[in-house]
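Before any comments, here is the structure.
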Amino acid sequence: MAPVTDLSFAIEPTTNPTPADHRADLIAKPVFGRVFTDHMAIVKYKEGKGWHDAKVTARKPLTLDPATAVLHYAQEIFEGMKAYCTENGGVASFRPEANARRFRASAERMAMAEVPEDLFIKAVDSLVAIDRDWVPSGEGQSLYIRPFMIASEVFLGVKPSSEYLFIVIASPVGAYFGSGCVSVWVSDDYSRAAPGGTGAAKCGGNYAASLVAQRESKHHGCDQVLFLDSREQRFIEEMGGMNVMFLRDDNTLVTPPLTGTILPGITRDAILQLAKERGLRVEETPIDINELFEGAANGRYREAFACGTAAVISPIGSLKRAEGEAVFGDGKTPGEVTLMLKKTLTDIQTGRSNDEHGWVHRIV
Ligand code: PLP
Ligand code: COI
């Protein structure tokens, strides 16, 4: 059972809010992760004292001692979630309790203090409420929310920190990728995670380790990198910042299983449920990269897409590796099932269709 907190947030509105016309310009065509709202939520933790000093305050730089633990040993975790303008004029998030649960699981893996799930949701809701005018309403736009936690003890010994900062910031965003299909480089040289490692935790270190492969993917003209399993470099795992799914010609949606080395995506989970409800078969099963390349060539594998909070559902046109290329469809046109799933998901998130699963959490 998740711990319950009675901590409430002191609300300290900024004395220097962004003028409305400037804000309107900033959110008109937001680039992912470059523009931020006026406020942040922040809560402190100290061993023996617990969580304290919860507030929503003006967004400002953090002052950290150079010996702060996170700067040396990367004891850090984060989440990614979105708030949407809904059809009824409100603002809502999507399955925030799932993010709160995953944040606790990440904290546990990284030997950090666990943020009670209701405190997590309260922090997010309080920030979105005060910055509600920053939630863009254009097609495909949303407020990207970034809860994160850092080890803040000033100490150079290697041990779990006794102090933490839990912070939430937010950024109005549009699509993570441009329009059309994404091209993906399959990394044969680098692994993202290994059995027993931190692959299933959303910790910054996983992303730091992925950057060299992401840079390699750019060198090969691709948008994203796809990692294979670290034992055999043979089975598909996930991309640098999203899960991956494929549609076979027998109407089966296949995706790698959750074995501890990939992030259990909340978008992934929602898509698997929605796909089943729409008559697709669903398989969470190891996918051999060589069979996938053969299957793309002979038409067995018809569609591919990346999925995640930032990516939503992004069609994949082709996978490239040193040996050649796997092209899905004509490599340029998103697959029909991919588009159907994207519409189904985003219609729920924005209140255009009924929330039969109780996934939508109204904030204002
Ligand atoms: N895998 C990785 C490595 C990610 O960074 C993300 C994004 O958060 C996902 C998968 C998808 O997770 P979610 O759908 O919960 O955003
Ligand atoms: C997310 O989708 O929230 C992520 O963390 C992925 C990253 C590409 C921003």
Side-chain angles (χ1 to χ4, degrees), residues 27-33 79-99 102 124-125 128 132 134-146 170-182 223-224 238-239 241-247 253 255 263-280 282 303-317 328-329 333-364:
I27 70 176
K29 278 196 187 151
V31 178
F32 187 92
E79 267 305 321
M81 50 202 289
K82 281 176 172 172
Y84 307 85
C85 282
T86 55
E87 285 289 289
N88 59 12
V91 173
S93 60
F94 184 69
R95 305 183 73 182
E97 69 294 336
N99 293 94
R102 189 170 66 188
V124 170
D125 287 2
V128 173
R132 65 165 295 167
W134 286 89
V135 188
S137 58
E139 186 58 37
Q141 298 181 342
S142 58
L143 186 70
Y144 184 79
I145 303 161
R146 174 53 63 86
S171 165
V173 297
Y176 190 75
F177 297 112
S179 56
C181 286
V182 176
D223 304 298
Q224 262 287 318
E238 64 177 325
M239 325 236 297
M242 46 215 73
N243 293 118
V244 68
M245 296 196 184
F246 303 92
L247 182 76
L253 194 62
T255 195
L263 194 76
I266 295 159
T267 318
R268 172 189 181 281
D269 181 77
I271 292 169
L272 292 179
Q273 282 198 55
L274 295 171
K276 272 187 225 159
E277 290 162 13
R278 270 146 197 82
L280 293 171
V282 160
E303 298 184 25
F305 62 84
C307 58
T309 298
V312 193
I313 291 183
S314 298
I316 295 173
F328 299 92
T333 316
E336 252 173 56
V337 173
T338 303
L339 290 180
M340 178 277 287
L341 289 170
K342 181 174 178 182
K343 179 165 171 14
T344 307
L345 177 68
T346 52
D347 278 356
I348 297 172
Q349 289 169 332
T350 54
R352 283 195 290 255
S353 67
N354 242 347
D355 174 29
E356 285 162 14
H357 307 83
W359 285 341
V360 175
H361 170 78
R362 183 156 187 173
I363 301 174
V364 282

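Hydrogens, waters and symmetry mates play no part in the numbers below; they use all other heavy atoms, side chains included.
- Residues meeting the salt bridge (charged side-chain N to carboxylate O under 4.0 Å, His left out) test with Arg102, sequence neighbours left out: Glu79.
- The salt bridge (charged side-chain N to carboxylate O under 4.0 Å, His left out) contacts involving residues 170-180 comprise nothing, where partners must be two or more places apart or lie in separate chains.
- Residues Met81 and Pro96 have side chains in contact (heavy-atom distance under 4.5 Å, counting atoms from C-beta outward).
- What you find for Pro30 and Pro172 is that their closest heavy atoms are CB-O, 3.2 Å.
- The distance from the CD atom of Glu277 to the CD atom of Glu356 is 7.0 Å, given to the nearest 0.5 Å.
- In this structure, the side chain to side chain contact (heavy atoms under 4.5 Å, CB included) partners of Val360, at least two apart in sequence or on a different chain, are Ala92, Ile348, Asp355.
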Worked verdict on Ile27 versus Gln141 for side chain to side chain contact (heavy atoms under 4.5 Å, CB included) | CA-CA 9 Å; Ile27 70 176; Gln141 298 181 342; over 6 Å; no
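- In this view, Lys343 and Asp347 satisfy the side-chain hydrogen bond (donor to acceptor under 3.5 Å, both in side chains) rule, not counting sequence neighbours.
- Taking every heavy atom of both residues into account, Gly80 and Tyr144 meet most closely at CA-OH, 3.2 Å.
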Check step by step if side chain to side chain contact (heavy atoms under 4.5 Å, CB included) holds for Met245 and Cys307.
-> CA-CA 8 Å; Met245 296 196 184; Cys307 58; 4.0 Å; yes
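- When the options Leu339, Ile271, Val337, Val182 are evaluated for a side chain to side chain contact (heavy atoms under 4.5 Å, CB included) with Phe305, the one that passes is Ile271.
- For the side-chain hydrogen bond (donor to acceptor under 3.5 Å, both in side chains) test, residues two or more places apart in sequence or in another chain that qualify with Glu303 are Thr338.
- Looking at every heavy atom in both residues, Phe246 comes nearest to Ala304 through CD2-CB, 3.5 Å.
- Using modelled atom types, one side-chain atom of Asn243 and one backbone atom of Leu263 make a donor-acceptor pair closer than 3.5 Å.
- The side chain to side chain contact (heavy atoms under 4.5 Å, CB included) search around Ala275 returns Leu253, Leu280, Val282, Leu341, not counting sequence neighbours.
- For Ala98, the side chain to side chain contact (heavy atoms under 4.5 Å, CB included) test picks out Arg95, Ile266, with sequence neighbours left out.
- Shown here are the side chain to side chain contact (heavy atoms under 4.5 Å, CB included) partners of Thr333, two or more places apart in sequence or in another chain: Asp330.
- The two atoms that bring Pro136 and Leu143 nearest to each other are CD-N, 4.0 Å, heavy atoms only.
- For Phe177, there are no ring pair (Phe, Tyr, Trp, His ring centres under 6.0 Å) partners at least two apart in sequence or on another chain.
- Between atom CE of residue Met340 and atom CZ of residue Arg278 there is a gap of 7.0 Å, rounded to the nearest 0.5 Å.
- Within 6.0 Å of CD in Glu336 there are 12 or fewer heavy atoms belonging to other residues, nucleotides or ligands.
- Ile145 approaches Lys82 most closely through the heavy-atom pair CD1-C, 4.0 Å.
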Output side-chain donor-acceptor pairs under 3.5 Å for residues 84-91, partner residues at least two apart or in another chain, one line each.
unit_1	atom_1	unit_2	atom_2	d
Tyr84	OH	Gln349	NE2	3.4
Thr86	OG1	Asn88	OD1	2.6
Thr86	OG1	Gly90	N	3.3
Thr86	OG1	Gly90	O	3.2
Asn88	OD1	Gly90	N	3.1

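- Of all heavy-atom pairs spanning Asp223 and Cys181, the tightest one is OD2-O, 4.3 Å.
- Under the rule for a salt bridge (charged side-chain N to carboxylate O under 4.0 Å, His left out), the partners of Glu139 that lie at least two apart in sequence or sit in another chain are Arg352.
- We find the OG1-CD distance between Thr255 and Glu238 to be 9.5 Å, quoted to the nearest 0.5 Å.
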Does the pair Arg132 and Ile363 meet the rule for a side chain to side chain contact (heavy atoms under 4.5 Å, CB included), with working shown?
-> CA-CA 9 Å; Arg132 65 165 295 167; Ile363 301 174; over 6 Å; no
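- Residues forming a ring pair (Phe, Tyr, Trp, His ring centres under 6.0 Å) with Phe94 (at least two apart in sequence, or on another chain): Trp359.
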